[in-house]
Each structure stands twice: as C-alpha cells, then as structure tokens.
Amino acid sequence: MSSRYNHREVEPKWRARWADAGIDRALAPEAAKDKPKAYILEMFPYPSGRIHVGHSRNYTMGDVIARFRRANGFNVLHPMGWDAFGLPAENAAIEKRVHPKSWTYDNIAAMRAQLKLLGLAIDWSREIATCDAEYYKHQQAIFLAFWKKGLVYRKKQKVNWDPVDNTVLANEQVVDGKGWRSGAPVETRELEQWMFRVTAYADDLLNAIGKLEKWPDKVRLMQANWIGKSQGARLHFDVVGEDRKIEVFTTRPDTLFGASFVALAPDHPLTKEIAAQKPEVAKFIEQCAHLGTSEADIEKAEKFGVDLGVRVKHPFDPNWELPVWGANFVLSQYGTGALYGCPGHDERDHAFASKYKLPILPVVLPPGADAETFNVQAEPFVGDGVAFNSKFLDGLPSREAIARAIKELEKLGAGEATTQWRLRDWGVSRQRYWGCPIPAIHCAKCGVVPVREQDLPIALPEDVTFDKPGNPLAHHPTWKHATCPTCGGKAERETDTLDTFVDSSWYFLRFADPKNDGAPFDKKLAAYWMPVDQYVGGVEHAVLHLLYARFFTRGLRDCGLLDGPANGEPFASLFTQGMVVHETYQSASGQWLLPEETEVKDGARIELATGKPVDTGAIEKMSKSKKNVVDLDAFVTDFGADVARWFVLSDSPPERDVEWTAAGVKGAWGFVQRVWSLVDTHGRAAPKPGDAAPASTNEGDALALRQLAHRAIQHVTDDIEHFRFNVAVAKSYELVNAIARLKGQDEGALFARGEALRILTQLISPFMPHLAEECWERLGFEPFVATAPWPVADAKLAARTTVTLPIQVNGKKRAEIEAAKGAAEADVRDLALAHPAVAQFLAGQTVRKVIVVPDRIVNIVAN
RNA sequence: GCGAGCGUGGCGAAACUGGUAGACGCAGCGGACUUAAAAUCCGUUCGCCGAAAGGCGGUGCGGGUUCAACUCCCGCCGCUCGCACCA
C-alpha cells in the first residue's frame, strides 16, 4: 500500500528547497555563455487586492514554458512585478480612507504571497513595482529623453470634466453621460495635455506587423486596423459666394463625378457656425449628441442629417454646385471631419441620399456590366471597375482613374495625394495623484521647461488628502513650488501624472537590469535578454498596451537608450490566453453569492445561510463583482497548488476559456493521487537515463510500455512547444494508464516501469512541479527534477515499425491490415486486395483504382 | 453595419500539410473489493438495426470539389470577440 500524498507538507517543502538553492534565478550573461537565453513573461498584474484561481491560469502557462525551457538548457529569465499605479488606489483612498501607497503595498504583499503559493519558477530577486521611485525615476528620465527627441509635445485636447467633483473623468467613469460618483452631467473641456508622438512611427509600426510571425493573426489584424493607413486624396470644395473652402479626404477620387453632396460632422466648425444662426442645425447637433459615442451605437442609429443651406462648387466643374449637409455618420475625429458623398458607390452615402432624395449617379462600371442598363438606384456598387460618365476619366480602370483624378486635382490646385492614418497621438496626461509625476516645470518667463536630470526623481508627496475634489497634487500646499531650471526664478511643477500605460510600456526592459540606479537599464543587458521570447497575456491588451510597448522600443532606440532588438520589436512571440469562467449565483434577494456560500442539495442549489434556493446564472469570467471566484489560498490549502495548475491547463485549449467546476477539480485531484500512488508503490530505484535495458524488455508488454513512454516524450515535448497543454495533459493520462496496466514483476517489467515513471515525472514537472519533485526524490534522484535535463526520446523505441492501415472500399472503411512501416505500395496493395473482408466486398465488382497513401490508408475504387 | 473567429457525443474536448471522427478527462452504466459507504480498481459508453458477426447513419444546415472532407470552395443559420459608418 502506498501512503496518501500530502500536498500540505510536500508543496511548502519543495518551494523552500527551490528558494534555498536559488534555482529560479536568471544567470548573468557571463555565467551562461554555453546556454541560449529565454525570456518568458506574463503580463504583470495590477495589485487590486487578492488573486483568485482565475488569475492563476496566465501565470501557470508562462511557468510551464519557463520550466520547460530551463530543462532544455536555456538561461531563463522569468520575472514578476506590479503595475502599481492607477485609479483603484485613489478610489480606495476616498472610500476606505487609506493612503493609496499603503493600500497598494499591502495588496502587493498579499498577492506576492499568493503567487508564491503557486510554486512559480519566478526570479523574485528582480521584482519591481512601478510605483517605486526607483522605477519611475527612470521613467521620468525616459520622458525627458523623448521630449528632447521631439516625441513629446503639448496640445489642447478634449476631456470629460466632472463639474461637481472638479476632476477629469476616464471614459469608464462616465456612465450615461454622468459622472459615476457625483452623478452630475459630464462637460467637455479643452485642456493642455502632454502627448506622445506615436504617429511618428505609424508606418514602421504598421509594416513591422508583417514580421510578427509568432503573434496571433487576430492581434496583428487588430493592430493594423487600429493604425489604419489609407491612401487617397485631400481636396477642397470652394463655398459658393464666400471666400472659404471645405476640405475633405477621400480614398476614391475616381468617383468625384458621382458626387451629389458634401457632408460635415456635427462638430465641424462650419456646422457649429451655421447652428448659431439656424435653429434646425442646432437641433441636429443636439440630436447627434444623444447618439452615444461608441461606433457600434452610431452605426445602428439611422442616418440623418440637415441641409446647411450652403453650396459648394465641384472642383472639376465650377458651374456644378453641390449642397452641403450636416450628417450624423460623419466622424469629426477622422480625416477632416468632412466628406463628399458619392451615393452610387458607397453604402453610407447611398442610404443617406436615398433618404433625402439626393441624386444617385453611376460612375464606376463593374466588370462585365452594360453601361446602358447598369444602375445604382437600389444598391451601390462599391468594388473596382471602369470609370464612366466621368469625362476625362472615362474608360480608365478604378486604380488608374484614382491616379488620374489626383493628377487633375493637383493641376487645378484643388487637392493632392495624401495618406490618412487612423492612429492618433497618445495623450498621456492624467490629472491624478497616484501616477508617475511628469518632470516639467512651468515658468512664467521661460514657458514649459524640462526638469534637470540630476533633480530626478520628482517624487510624489505622501502627505496628500482626498477630502477635496480635484487633483491632490494641484492643491498640495508646497509640492508644486519649484525653481525654474533655466532662469532660476519662481515656477510651478507640472501636476499632471502619466497614464499608467506608460509604466507598462517598458517594464520588460527594466527586468533585464532591475537594480540599475544610474540608468533605466544597461544597454548590453537589455540587448542580451531582449526581445521577450514568449509573452503571455489577455487579448484585451491586443491594441493599446502592445502598441505602446512597440512605440517605446522604437523611441528608446532612437534616443540611443536601447541597442537592438533587431527589428525594434519587444515581443517575439505572443500568446493570448483564455479566461477561467465560473457559474454565477444569486440569492433570492438578488445578492451575488460566493460559490462556497452555496451547496447542492437534492439536485438543487441552495444558500447555506438561509437554505433558500439560489438562482444559478450565466457562466462568466471570474470577477470580484459577481463573486464567482474561488479563492486561491483556500483552494491551495484544500487541494494544493498542483491541482489548481493541472486543472486550469487540462480540458480546454489554452486560448479558449475554461470553466472551473467541482468535477474538474476532482479529476485533477484524482490524477495527483494516482501518480503518487504509482510512484510510491513501484518507484524504488528507477533506472537512470542511459542505463542499459535488460534483454527481457525487447518484447511483449515491457517493450510496449517503453515504446509508449518514449513516444509520450515526443508528443508532450511537441505539445508544450506549440501551447497545446490540454493535449499534453491527455498524453500524460495515457502514459499513466499504460504504466498502471503493466502487471509483471520480472526484470524487464521492473525496468520498463521504472523508466516510464521517471519519464512521466519529468513530463508532468512543468505542470505540477511539487508533485514531480516528490516523485523524483522517491525514484531515487536528486537534487531537483526542475533542473534535470528534459528527457530525450530514444528514436528507435519511439519509431513505429509497423502501422495499422485502414482499407476503404469506395471511401468506406471495411478492414484493417498490419503492414511494415514504409512497405512498398505494391505489397500493401496486394495485402489489401487479399484481405478476406475486402475480397468479400469486392465480389462481383471491378476494381477501377487502388489508392495507397504510404503508412496512412488504402482506398479501393470499384463498381 | 463592418471585420475576425467559432459551431464535433450528456459535458470539456482530440484529429499532423484532406487519409480509421470522437484520443484523453468528466459524468453515466455494469462489475470487483467492502458489513456498508467513501476511496480504489476492472469493463463499458455517438445514434439506429442486430443475439452476434456485422450493417446503416453521423462533425450546425444546404450544395459542390475529391478515390477520400470536421478539414477545401459556394450559400445559409447560430454564437463569441473586436470596432473606427474610416469616406
């Protein structure tokens, strides 16, 4: 009999031994000359409080890769840190009357302890928190370098302003147009904001996406769409009877002869100007304001507009006048906030023109269509074709017509070719306390000037209060008083802090050299570790974080702070993992309930406290607000970290969501017990890798187990490489089942079983490191399975000598034959035809064709 | 509305570049052990017909390509995610 596996003793024991031996520390480049490097990183967490089992999946995936690379001889960097600035800390300060700093550091301490429970192979000596002055002082230095390089500038920008709380609101703090806390209607204000010139790299950021081969296509597409490059023309229409022009952008200047109106955004300057005189235009603007700002909202809204009463001249024909409308579907943020409508060849313009009975003219003839009968009254044609009804463009294919139209516009001085980007510069100013202070000084004489580098860090003051609305930095009694670095006169500090996305745009570089006091990081160390070889995180960061980080590596490179990475890309390989989801429970009174506050009794779920039935709701991402979370500490106490790790990687593919269920936990728990019981019962003195196998393993069950074990090495290795953890798990089950089935106690069986147990222990070690160490020790090895070289399959054993070939007749399987691997096609064909079942099926039919796919299948076509 | 992705047993899912659909796990069913239960172990489990051998059907729906389709193509239906009516 074997003893029961006691995770409560085993798990802490091994964590302590790993820590004592320091096996998770990344080696300095000089100490690892013979090893390739592997930088494995999970997106660092915001220290929001406590972690639950849902968070563990992300870190476990990264940990499997990190442990796997280490076993394969890499010098692994697998660090952890805290994205520690942000709004929740200020909210806590206001609601719970605690200081943001102590709230944040308390959370970090709690979450660090929790993460350590998971047994992650993390180099904790490199831990960083972005709210440490030792971190943000370097961020301020980078800001100054960017400023010097022209990547930082100031610009007036619209913000959401809460007139009661006297503060700027994030979009998420605006609920139904009102401030979330004050409930006051939000106003739009223009503030002078600090900007990062992301658009300086628009072309490079877009083009380099093509090189990110190990990123998910989905993320690459989202980034490309976000950057949104379109080639076209900028042109202007002269307003009739006035000395002013309306500028528009178009990607299809070839359709200019199909123009029937010009449309302006509701907040186009001209629209606003006319609204001052015309109540119906003012009313139109008012109506648009109620539409909601999200694009999907605007889209579902019906198109509407108002005739502004202004007319413009067509650039190609001064006698042709077009009406100017205000239209709800024109975006003020894109292009010039104005467009010309060509209803015959654009969906939106068509809908608009149909509604307001504006002319719909066909000017592009689809391939194969007849110019006499083709019309676009019912539906626009948006594809490429040949221009017609278009004077000098007639007969030109769309692409050529575009070029010709642009040439004409340039000749007339009415427009030119241009590239339009959707990407906008990044506004980084936040009027908040808990963020990195922007190192700038406002001097009445000298203007806005940078802080001197030797004066860094500009540290956050700690004696702040949150009882007054607004930015605590702005109303701190002394903090903002400063001396102008240029003229030495009295001046004021900038009180804006940086968007927290700035903090996370370079933290992966700091991990390469986290203790460096004199610089953000040493260039050589960064060059050694970068790029991150495997980045793991949620798809919600597909655009902003990942794009800003790409901007930062380019900016740092051009400021001379970063050498390499070769193509400026911070993350060589990206994996976006699925969430852990769980059922939600609500009491009779509508309160959300924690899973442990309920139980299933007689097939129905009831609330423990009241015994009343519980409403079981949707299966959703684990979140504190819905209380559908399973606390990590309690779970590790009850079942162990390995069970949690194994469970979140079993069953579902890593990119898909996995549902946390009691049944799944039970399965993982059972597997842990089963592995231990096998190892404990049979695992004394397992053969070492390379030990000569006794002759009795050359046949029968012992041979079969050895073959299966060596094939398992190949499968699991390949599965981990390709992020197929769920399949690796399935292969591990198969190996365990096979080991359990082998019953003999002879020399051959002992060898095969011992070897298979050793292989199993190694294969599961990245997934369940504590259990694997305990097994490793039981098998007679030391010091750690974690540092043992990854097993190598014996090619001879793993190779198949015979294959089972299905034989189909007319595509239906009728029999199977065993054939030597690589057998000659003619032999296989004869074998197949000779098979009794096949022969019986073919009776009375003529064989027309026999397809033999070597080592795969035989298909006989007959009738 | 546009873009992307997904749809396989009771459930989570496998299936390499088109080549035995349902590996593996959960749940179920039958059995062993036990005074009993838990735990563990063994067997079984896509549907229909059949005592069995075996046959027929089957990967959201309808077509198509192919010796062969979960996989490729066309058209639908449903779900999920992203968004920016991008002119």
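Naming: A, B, ... by sequence-line order, numbering from 1 per chain.
- Only the P atoms considered, G9(B) is 8 Å distant from G60(B), to the nearest whole Å.
- Taking the six-membered ring for Trp and thresholds of 30 and 60 degrees, F725(A) and F723(A) have ring planes inclined between 30 and 60 degrees apart.
- For K666(A), a side-chain nitrogen or oxygen approaches OP1 or OP2 of A27(B) to under 4.0 Å.
- The side chain of K812(A) contributes an N or O atom lying less than 4.0 Å from OP1 or OP2 of G57(B).
- Comparing A15(B), G3(B), A87(B) by their nearest atom to the side chain of T251(A) picks out A87(B).
- The phosphate of G55(B) (OP1 or OP2) has a side-chain N or O of R814(A) nearer than 4.0 angstrom.
- Residue M222(A) places its side chain closer to G82(B) than to any other of G19(B), G82(B), A87(B).
- The nearest whole Å value for the distance from the CD atom in E816(A) to the P atom in A53(B) is 15 Å.
- Between R674(A) and C41(B) there is a side-chain polar atom (N or O) within less than 4.0 angstrom of OP1 or OP2.
- Within 6.0 Å of atom CD in E213(A), 12 or fewer heavy atoms from other residues, nucleotides or ligands are found, so the atom counts as exposed in its surroundings.
- Using the six-membered ring where Trp is involved, F671(A) and W646(A) have ring planes that are parallel, under 30° apart on the 30 and 60° scheme.
- Rounded to whole Å, atom P of C16(B) lies 9 Å from atom CZ of R724(A).
- If you take CD of Q714(A) and P of C16(B), they are 17 Å apart, rounded to a whole angstrom.
- At whole-Å resolution of the value, CD1 in I860(A) and P in U20(B) are 16 Å apart.
- For the pair N810(A) CG and A68(B) P, the computed distance is 8 Å after rounding to whole Å.
- The side chain of V727(A) has A14(B) as its nearest neighbour among C83(B), G3(B), A14(B).
- Nucleotide C72(B) is matched to G64(B) when pairs are restricted to Watson-Crick or G-U wobble geometry with both distances under 3.5 angstrom.
- What separates NZ of K813(A) from C1' of G55(B) is a distance of 14 Å, to the nearest Å.
- Between N726(A) and T804(A), the residue anchored nearer the 5' end of RNA chain B, judged by the nucleotide with its closest heavy atom, is N726(A).
- U65(B) sits 14 Å from U71(B) when the C1' atoms are compared, rounded to a whole Å.
- Of all nucleotides listed (U20(B), C24(B), C85(B)), U20(B) comes nearest to the side chain of Q808(A).
- Glycosidic torsion of G50(B) falls outside 90° of 0, placing the base in anti.
- Straight-line distance between the P atoms of A21(B) and G58(B): roughly 12 Å, to the nearest whole Å.
- Within 6.0 Å of NE2 in H715(A) there are 12 or fewer heavy atoms belonging to other residues, nucleotides or ligands.
- C33(B) and A52(B) have their C1' atoms separated by 32 Å, given to the nearest Å.
- Regarding contacts with the backbone of A23(B), every side-chain N or O of N737(A) stays at 4.0 angstrom or more from both OP1 and OP2.
- Nucleic acid contact for F352(A): none, since no nucleic acid atom lies under 4.0 Å from a heavy atom of the residue.
- Contact annotation: T661(A) side-chain N/O to C26(B) OP1/OP2 distance is not under 4.0 Å.
- One can place CG of N859(A) at 13 Å from C1' of A69(B), the figure rounded to the nearest angstrom.
- Spacing between atom CD of Q840(A) and atom C1' of G55(B) amounts to 12 Å, rounded to whole angstrom units.
- The base of C16(B) sits with one of its N or O atoms less than 3.5 Å from a complementary donor or acceptor on the side chain of R856(A).
- Here G57(B) sits opposite C46(B) as a Watson-Crick or G-U wobble pair (both hydrogen-bonding atom distances under 3.5 Å).
- R656(A) comes within 4.0 angstrom of the backbone, heavy atoms only, and of no base.
- The existence of a salt bridge linking R234(A) and E416(A) is excluded, since no basic side-chain nitrogen approaches an acidic carboxylate oxygen closer than 4.0 Å.
- V853(A) comes within contact range of at least one nucleobase, with a heavy-atom separation under 4.0 Å.
- Using a 4.0 Å cut-off between charged side-chain N and carboxylate O, D657(A) and K621(A) make no salt bridge.
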Report task. Please test W426(A) against F501(A) for ring pair (Phe, Tyr, Trp, His ring centres under 6.0 Å), starting from the C-alpha separation and ending with a verdict. Result -> CA-CA 10 Å; W426(A) 175 16; F501(A) 272 108; 7.1 Å; no
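- Both distances falling under 3.5 Å, in either a Watson-Crick or a G-U wobble arrangement, occur for no nucleotide opposite A15(B).
- Phosphate proximity of G12(B) to S652(A): absent, as no side-chain N or O sits under 4.0 Å from OP1 or OP2.
- Not a single donor-acceptor contact under 3.5 angstrom links the side-chain atoms of K731(A) to the base of C24(B).
- Nucleic acid contact class of Y733(A) (heavy atoms, under 4.0 Å, all strands): sugar-phosphate only.
- Minimum atom distance to the side chain of K303(A) is reached by C85(B), of the listed A87(B), A13(B), C85(B).
- Among the nucleotides G55(B), G19(B), C24(B), the one closest to any side-chain atom of E734(A) is C24(B).
- Between C46(B) and C29(B), the distance separating the two C1' atoms is 16 Å to the nearest Å.
- Atom name C1', nucleotides G63(B) and C77(B): the rounded distance is 15 Å, in whole Å.
- Of the P atoms belonging to C24(B) and C42(B), the separation is 13 Å, rounded to the nearest Å.
- Salt-bridge formation is not detected for the pair K743(A)/D701(A): no Lys NZ or Arg NE/NH1/NH2 atom is positioned less than 4.0 Å from an Asp or Glu carboxylate oxygen.
- H7(A) and W669(A) have perpendicular rings, their planes meeting at more than 60° on a 0 to 90° scale where under 30° would count as parallel.
- Comparing G337(A) and I857(A) against RNA chain B, the residue whose closest nucleotide sits nearer the 5' end is I857(A).
- Listed nucleotides A87(B), G12(B), C26(B) differ in distance to D651(A); the shortest reach to its side chain belongs to G12(B).
- Residue D346(A) is out of contact with every strand shown, counting any heavy-atom pair closer than 4.0 Å.
- Here the separation of C72(B) from U66(B), taken at their C1' atoms, is 10 Å to the nearest Å.
- The residue L221(A) sits close only to the backbone: its heavy atoms come under 4.0 Å of sugar-phosphate atoms, none of a base.
- Remark: A4(B) base-pairs with U80(B); criterion is Watson-Crick or G-U wobble with both hydrogen-bond distances under 3.5 Å.
- The side chain of S230(A) has A87(B) as its nearest neighbour among A87(B), G19(B), C24(B).
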